[in-house]
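Note on naming: letters A, B, ... go to the chains in the order of the sequence lines (proteins, then strands), and numbering restarts at 1 for each one. Just so you know, these numbers use all the heavy atoms, side chains as well, and skip hydrogens, waters and symmetry mates. Since the model is a prediction, treat every value here as computed from it, not as a measurement.
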Amino acid sequence: MHNVSDMRAALLRWYDEQGRTLPWRVRPEDRAAGVVPDPYAIWLSEVMSQQTTLAHATPYWRAFLEAFPSVVDLADANRDVVLSMWAGLGYYARARNLHKCAGVVRDDHLGIFPTDEKTLLTLPGIGPYTAATIAAICADEATNIVDGNVERVISRTYAFETPLPKGRKALRDLSGTLVRADRPGDYGQALMDLGATICSPKNPTCLLCPWREFCVAHSQSEETKYPVKVKKKPTPIRYGHAYVLRCEDKVLVERRPDSGLLGGMIGVPTTDWGDAPTDHSQAPLHRNWESKGQIRHVFTHFELRLDVFAAEIEASVEGVWVDDTSGLPTVFTKVVEAGLAD
DNA sequence: TAGGCGTGGCA
DNA sequence: TTGCCAAGCCT
């Protein structure tokens, strides 16, 4: 049932016929003509795409390439500028690692972005998926590319029963049995594209799938049973106050600690976030606070409810005042909007 | 190794 | 509304 050669041939044929293209992608025909992808641009696209929809990441990718045409430009840039440009993309450790990685490439690799999997794995923010993908796309290394899309495709094709995340390693090894030296970059992208388009999480369009005849889950009409996952626990709710201090057109902000949630980013003052509503005992100043309602924001592992309070204060109050809040993480953007609303 | 770590779209 | 999910990595 699972003839590897037939499966690869069917997938690559489908990929070539699709002509599906992404902004950073070198098309198969250009690639055959000798066009070499820029590993720096590919790396940027891959890091930004981690746990992020392509539609959301693409404008950021263009902006970064425009502002920092080379990895050395990025390494030389002020870190706060990089973090600010990342605002809204989420998972801010990626931005810190991005800047750190650029520095390592500049200082330890002569400013030339590596393209072999082993070296890539040593760089900050580059894990198994990203290393495998850059090496396959940029250097035709026959790596085993496994992302969420590939997990879904392979688990369905083989009716893989072990629940994730426990079964992740075995599933990854299973996927590796399909890897060959022939067109590894195109093969990996084809497999991801299949998961992103045909073999979607909810309503896969199996009728159009090049692997229809190979797929055990499809033969059992149980496509959406896979990948089997363990149930998640419900996310807790945390409460706190957020304070919007205004002076003319400026707002008082503070820098958050470099590690942990929203690490290194700029935000407005808040109380600690606890499991019950709080009071003004941790307010940054004693003022007659004007209530501005509550904002809710859902993080990966908890929901945050912040009661927003605002006050007009004197500019002599010590701190950082900004009139441009575009570099703030989304949760603080919501707070400032609530705080400035009528 | 299991949990921390954002945000937006979609059913 | 609610929950799931997206081209994962780090500790």
> Any donor and acceptor pair, going by atom type alone, linking the side chain of A:E223 with main-chain N or O of A:C206 inside 3.5 Å?
Replying inline: no
>> So does A:V47 get a backbone contact from the side chain of A:R94, meaning a donor-acceptor N/O pair under 3.5 Å?
In response: yes
> What is the distance from CZ of A:R305 to P of C:dT1, rounded to the nearest Å?
Replying inline: 10 Å
>> What's the gap between C:dC4 and B:dG6 when it is taken at their C1' atoms, as a whole Å value?
In response: 15 Å
>> If I take atom CZ in residue A:R296 and atom C1' in nucleotide C:dG3, what distance separates them, rounded to the nearest angstrom?
In response: 15 Å
> Taking atom P of C:dA7 as reference, at what distance in whole Å does atom CG of A:D193 sit?
Replying inline: 10 Å
> Would you call the rings of A:H280 and A:F309 parallel, tilted or perpendicular, where under 30° means parallel and over 60° means perpendicular?
Replying inline: perpendicular
> Can you find a heavy atom in the side chain of A:Y226 that is under 4.5 Å from one in the side chain of A:C215?
Replying inline: no
> Within 45° of the ring axis of A:Y187 and under 6.0 Å from its six-membered ring centre, is that where the NZ or CZ of A:R180 lies?
Replying inline: no
>> Does this structure show an ion pair linking A:E337 with A:K292, if we count only N-O contacts that are shorter than 4.0 Å?
In response: no
>> How many whole angstroms separate atom CD1 of A:I145 from atom C1' of C:dA7?
In response: 10 Å
> In residues 154-186 of chain A, what residues come within less than 4.0 Å of DNA chain C, judged by heavy atoms?
Replying inline: none
> What integer distance in Å separates A:L194:CG from C:dA7:P?
Replying inline: 12 Å
> Between OG1 of A:T330 and CG of A:L262, what distance do you get to the nearest 0.5 Å?
Replying inline: 9.5 Å
> Of A:R25 and A:T235, whose nearest nucleotide on DNA chain C comes first from the 5' end?
Replying inline: A:T235
> Taking atom P in both C:dA7 and B:dA2, what distance in whole Å separates the two?
Replying inline: 24 Å
> Using the ring of each side chain (for Trp, its six-membered ring), is A:Y40 parallel, tilted or perpendicular to A:F113, with breaks at 30° and 60°?
Replying inline: tilted
>> Please determine whether side chain to side chain contact (heavy atoms under 4.5 Å, CB included) holds for the pair A:L261 and A:F302, giving the CA-CA distance in whole Å, both sets of side-chain angles, and the decisive distance to 0.1 Å.
In response: CA-CA 12 Å; A:L261 189 78; A:F302 66 94; 3.9 Å; yes
> What interatomic distance, in whole Å, is found between P of C:dC9 and the corresponding atom of B:dG9?
Replying inline: 24 Å
> Which residues within residues 111-144 of chain A lie with some heavy atom under 4.0 Å of an atom in DNA chain C?
Replying inline: A:P124, A:G125, A:I126, A:G127, A:P128, A:Y129, A:T130
> Quick one: what's the B/S/- string for nucleotides 4-11 of chain B, heavy-atom cutoff under 4.0 Å, read 5' to 3'?
Replying inline: SBBBS---
> Is the shortest heavy-atom distance from the side chain of A:F214 to the side chain of A:V4 under 4.5 Å?
Replying inline: no
> Does any non-hydrogen side-chain atom of A:V105 lie less than 4.5 Å from one of A:P114?
Replying inline: yes
